[in-house]
J.: 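First the structure, then my questions, so here it is.
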Amino acid sequence: MMLETINQPNDIKKLSGSELEFLGQEIREFLIETISQTGGHLASNLGVVELTMALHLALTFPEDKLVWDVGHQSYTHKLLTGRRESFGQLRKYGGISGFPKRKESNCDSFDTGHSSTSISAGLGYAQAREILGGKNMVVSVIGDGALTGGMAFEALNNASRLKSNFIIVLNDNNMSISENVGGLSRHLGNLRTADAYRDLKTGVTNSLSRIPRYGERMVEQIRRTKSGIKQLFIPGMLFENMGVTYLGPIDGHNIEMMVKTFREAAKVDGAVLVHVMTQKGKGYPPAERHPSRFHGTDAFEIDTGLPAKKRVKANYTDVFSTVMRKMGDRDEKVVAITAAMADGTGLKRFRNMFPERFFDVGIAEGHGVTFAAGLAAAGLKPVFAVYSSFLQRAYDQILHDVCIQDLPVVFAIDRAGLVGSDGETHQGIFDLSYLSSIPNMNIMAPKNKWELSDMVKFAIGLGHPVAVRYPRGEAYDGLKEFRAPVAYGKGEVLYDESEIALVAVGSMVKVAVEVRNSMKEAGYQCSLINARFVKPLDEELLLQLSKEHNLIVTMEENVLSGGFGEHVLEYLNQCGAKARVLPVAISDEYVEHGNVDILRKETGIDAASIVKRLVTEYIGLQE
């Protein structure tokens, strides 16, 4: 097997052309087999097998620097840099990451996970090389979906000033996670289909090349000048007009052609963009037919592509999807916004039923928030559905464009808390902290699936900025008997006893039920409160609890710093309350990839860890 001969960086250069073809086939088979067991990003990786091989043939690692945008397409890169034996632990706790990690290999130049960052990072590497006098190549890979992010254009604007070579590879598969939208997508589509231009360019180039002595020089001059052939036949060429040399489009599954183009691109003094067209999911029919479904997949059956485990219960995204459809029926002013995640956030049904009130802004969270603010200012009721970790990218817009004006934008924050296998860049453990720092923001978290439905309806009718945050995965269906109407700023007392009060936020209510049961068995009296609101705090309830209990335990799936527990502690300290406050939260650190249950245990927010700590704290308090 060719793949078994790849044990360290640059081994691929030892293979012949025919051996490279076999290697590509083996890499695809290996990825399909491995990801069918571990889960992971399949379609995007299958689409860049040849592209990655060509880059490894053109570059020398680790001297040259390759920066992947997002990074979920870096599996072949990991295989070609000697990490094949580690793939059995892909995305598992203690195993290799599904994204580039500098601490994992010196061939990973930059840690990534979010979109539209690779050009900026690569430009930094290239500029540093100029200052330090280096000779290495720098290549950034970015997808056509990621190119819709504003940060990518900010980087392109600055890249035009670069004096030394910097290669930007545009991996164009006509997809992000969902189908691409907007003017840039149409622009790239025009480039893809400009057959007349490509044929003419090829013909002119071939003719000039045959002229003795001067032909090649003339071809090179045409490539370099902004008044070249492409400017005559495609007026306003986007990248060239920004000062970035454009090459392409070329077949992203033709290794020989790509290697030749990369070597040509390396001769350009300045930034050069190589437009490479690939097919997402290539080589595995189910992924070719359903690239979105196989973007990030759980374990699956190879023969059919169907999930290895059938989902029985609805997850929180399903619940949100249902309530949004109902609210769209009831109120024609309700509009929905997503940033290239219609399927992932559960807005597909809303889009299908109310297409004129559905907006996919592409990978542009900052724009999405301010766009929502404009909709709200005009009298509509926008709901922006977004993953917790991606909303971080729009902090200024939330503060400046929504909350200062106190506009009624609803943020439906999916994947809040620990999300598992995607690791540090995707854990939604900071939203309570960064949102609660903003005046006029209101924050809620549901204890179960019914309360999520109630909270979304309440939020849409509130008339102020409000965030409803909920976790990834199966929706909790316990505590059905407790369904008091949502009242602004008020918590919900589920069990009223004495000694210890557990005040839990959202997903931690389920854990608090387990903690309470264990504490009851150990002989302790234990109240249980569903906080419901993180902001504003239910100050009246908290003060009452402090008078009736010796210990108040706040529980949240968020970092400690700036979280719910710290706000409760600060308030009760200001009141001079005698009850001790014990915040249970995640330490102020990044949490790596792994199974969520394992991560909860490692971070000390699982029921067993909390009970152990509680007993120690309470006994110490009594003594």
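All of these numbers come straight from a predicted model, not from anything done at the bench. Numbering of residues begins at 1 and proceeds along the displayed sequence.
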J.: Dump the intermediate steps for side-chain contact (heavy atoms from CB on, under 4.5 Å) on I500 and H549, then the final yes or no.
T.: CA-CA 6 Å; I500 300 172; H549 300 79; 5.6 Å; no
J.: Salt-bridge test for D597 and K601: reply yes if a basic N is under 4.0 Å from a carboxylate O, no otherwise.
T.: no
J.: Does the side chain of L502 come within less than 4.5 Å of L614's, by heavy atoms?
T.: yes
J.: Check whether F354 forms a cation-pi arrangement with R357 (NZ or CZ under 6.0 Å from the six-membered ring centre, at most 45° off the ring normal).
T.: yes
J.: Please check if the side chain of Q525 supplies one atom and the backbone of S498 the other of a donor-acceptor pair under 3.5 Å.
T.: no
J.: Check for me whether the distance between the ring centres of H426 and H593 falls short of 6.0 Å.
T.: no
J.: Where is the tightest heavy-atom contact between F320 and T345, given as atom of each residue plus distance?
T.: CD2-O, 3.3 Å
J.: Hey, what's the ring geometry for H295 with H72, parallel, tilted or perpendicular (30° and 60° as the breaks)?
T.: perpendicular
J.: Would you say N558's side chain and L432's backbone share a donor-acceptor pair under 3.5 angstrom?
T.: yes
J.: Any heavy-atom pair between the side chains of E556 and I605 that's under 4.5 Å?
T.: no
J.: Between K535 (side chain only) and S436 (backbone N and O only), is there a donor and an acceptor less than 3.5 Å apart?
T.: yes
J.: Aromatic ring centroids of Y395 and H400 under 6.0 Å?
T.: no
J.: Test side chain to side chain donor-acceptor pair (under 3.5 Å) on T317 and D414; report intermediate values, then the result.
T.: CA-CA 7 Å; T317 306; D414 203 335; 2.6 Å; yes
J.: With side chains defined as the heavy atoms from C-beta onward, is the minimum distance between K313 and D477 less than 4.5 Å?
T.: yes
J.: Does F110, at its CZ atom, have more than 12 non-hydrogen atoms belonging to other residues, nucleotides or ligands within less than 6.0 Å?
T.: no
J.: Should we say atom NZ of K457 is surrounded by more than 12 heavy atoms from elsewhere, each under 6.0 Å from it?
T.: yes
J.: Distance alone, cut at 3.5 Å: any donor-acceptor contact between the side chains of N530 and E451?
T.: yes
J.: Under the criterion side chain to side chain donor-acceptor pair (under 3.5 Å), I'd like the reasoning laid out for S609 against D606: C-alpha separation, chi angles, the key distance, then a yes or no.
T.: CA-CA 6 Å; S609 299; D606 66 307; 2.4 Å; yes
J.: Please evaluate residues L582 and R613 with respect to the criterion side-chain contact (heavy atoms from CB on, under 4.5 Å), reporting the C-alpha separation (whole Å), side-chain torsions for both, the decisive distance (0.1 Å), and the verdict.
T.: CA-CA 10 Å; L582 174 63; R613 184 179 174 190; 3.0 Å; yes
J.: Please work out whether the ring planes of Y495 and F482 are parallel, tilted or perpendicular, with thresholds of 30° and 60°.
T.: perpendicular
J.: I'd like to know whether V361 forms a side-chain contact (heavy atoms from CB on, under 4.5 Å) with T338, so could you lay out the CA-CA distance, the side-chain angles of the two residues, the decisive distance to 0.1 Å, and finally the verdict.
T.: CA-CA 6 Å; V361 298; T338 182; over 6 Å; no
J.: My understanding is that only residues two or more places apart in sequence, or in another chain, count here; which of them pass side chain to side chain contact (heavy atoms under 4.5 Å, CB included) with E104?
T.: K78, R83, I96, S97, K101, D108
J.: Determine, for D298 against K309, whether the closest basic-nitrogen to carboxylate-oxygen distance falls under 4.0 angstrom.
T.: no
J.: Answer yes or no: are there more than 12 heavy-atom neighbours, outside E540 itself, under 6.0 Å from its atom CD?
T.: no
J.: Atom CD of E589 and atom OG of S561: how far apart are they, to the nearest 0.5 Å?
T.: 12.5 Å
J.: Let me confirm one number: the CG-OG1 distance from L537 to T554, rounded to the nearest 0.5 Å.
T.: 10.5 Å
J.: Flag the pair S115 / R393 as yes when at least one side-chain heavy-atom distance between them is below 4.5 Å, and no otherwise.
T.: yes
J.: Go through it in stages, so that I can follow the logic: the residues are K447 and E481, the test is salt bridge (Lys or Arg N to Asp or Glu O under 4.0 Å), and I'd like the CA-CA distance, side-chain angles, deciding distance and then a yes or no.
T.: CA-CA 12 Å; K447 66 178 182 293; E481 65 274 24; over 6 Å; no
J.: Does the T322 side chain pair with the main chain of D318, one donor and one acceptor, at a distance under 3.5 Å?
T.: yes
J.: Nearest 0.5 Å please: distance from the CE atom of M151 over to the CG atom of D69.
T.: 9.0 Å
J.: Are the side chain of D360 and the backbone N or O of A340 linked by a donor-acceptor pair below 3.5 Å?
T.: yes
J.: Tell me whether T370 contacts the main-chain N or O of H367 through its side chain, where contact means a donor paired with an acceptor under 3.5 Å.
T.: no
J.: May I ask you to test the E514-V611 pair for a side-chain heavy-atom distance under 4.5 Å?
T.: no
J.: Go through the structure and list residues passing side-chain hydrogen bond (donor to acceptor under 3.5 Å, both in side chains) with T112, not counting sequence neighbours.
T.: none
J.: Please find the pair of heavy atoms, one from P446 and one from V468, that lie closest to each other, and give the distance.
T.: CD-CG1, 4.4 Å
J.: To the nearest 0.5 angstrom, please state how far the SG atom of C403 sits from the CG atom of N442.
T.: 8.5 Å
J.: Would you say the side chain of K578 lies within less than 4.5 Å of the side chain of K547, judging by non-hydrogen atoms?
T.: no
J.: Could you pull out all donor-acceptor pairs under 3.5 Å where a side-chain atom in residues 374-388 meets a protein atom, sequence neighbours excluded?
T.:
| residue | atom | partner | partner atom | Å |
| --- | --- | --- | --- | --- |
| K381 | NZ | D331 | OD2 | 2.6 |
| Y387 | OH | G344 | O | 3.4 |
| Y387 | OH | R415 | NH2 | 3.0 |
| S388 | OG | D431 | OD2 | 2.5 |

J.: Using the rule given for ring pair (Phe, Tyr, Trp, His ring centres under 6.0 Å), can you reason through Y488 versus H464, listing the C-alpha separation, both sets of side-chain angles and the distance that settles it, and then say yes or no?
T.: CA-CA 12 Å; Y488 181 69; H464 300 280; 7.5 Å; no
J.: Do W450 and Y476 pass the side-chain contact (heavy atoms from CB on, under 4.5 Å) test, and can you show the C-alpha distance, the side-chain angles, and the key distance before you say yes or no?
T.: CA-CA 9 Å; W450 295 285; Y476 181 47; over 6 Å; no
J.: Calculate, to the nearest 0.5 Å, the distance between atoms NZ and CD belonging to K490 and E539 respectively.
T.: 9.0 Å
J.: Side chain of S527, backbone of D496: donor and acceptor closer than 3.5 Å?
T.: no
J.: Contact between V369 and V409 at the side-chain level, heavy atoms closer than 4.5 Å - yes or no?
T.: no
J.: Would you say the side chains of S507 and E557 form a donor-acceptor pair under 3.5 Å?
T.: yes
J.: Is there a side chain to side chain donor-acceptor pair (under 3.5 Å) between E497 and Y524? Walk through the geometry before answering.
T.: CA-CA 10 Å; E497 296 184 350; Y524 297 97; over 6 Å; no
J.: Is the count of non-hydrogen atoms from other residues, nucleotides or ligands lying under 6.0 Å from R102 atom CZ greater than 12?
T.: no
J.: Is there a donor-acceptor pair closer than 3.5 Å between any side-chain N or O of N550 and the backbone N or O of A579?
T.: no
J.: For Q73 and N45, indicate whether the former's side chain and the latter's backbone hold a donor-acceptor pair under 3.5 Å.
T.: no
J.: Just wondering, more than 12 heavy atoms not from N595 lying within 6.0 Å of its CG?
T.: yes
J.: Considering only heavy atoms from C-beta outward, does the side chain of V323 approach that of L452 to under 4.5 Å?
T.: no
J.: To the nearest 0.5 Å, what is the distance between CD (E492) and CG (D538)?
T.: 11.5 Å
J.: So, does T425 use its side chain to make a donor-acceptor pair with the main chain of H114 at under 3.5 Å?
T.: no
J.: Just checking, is any N or O donor in the side chain of Y316 or E474 under 3.5 Å from an acceptor N or O on the other one?
T.: no
J.: Can you establish whether the number of heavy atoms outside K612 located under 6.0 Å from its atom NZ is more than 12?
T.: no
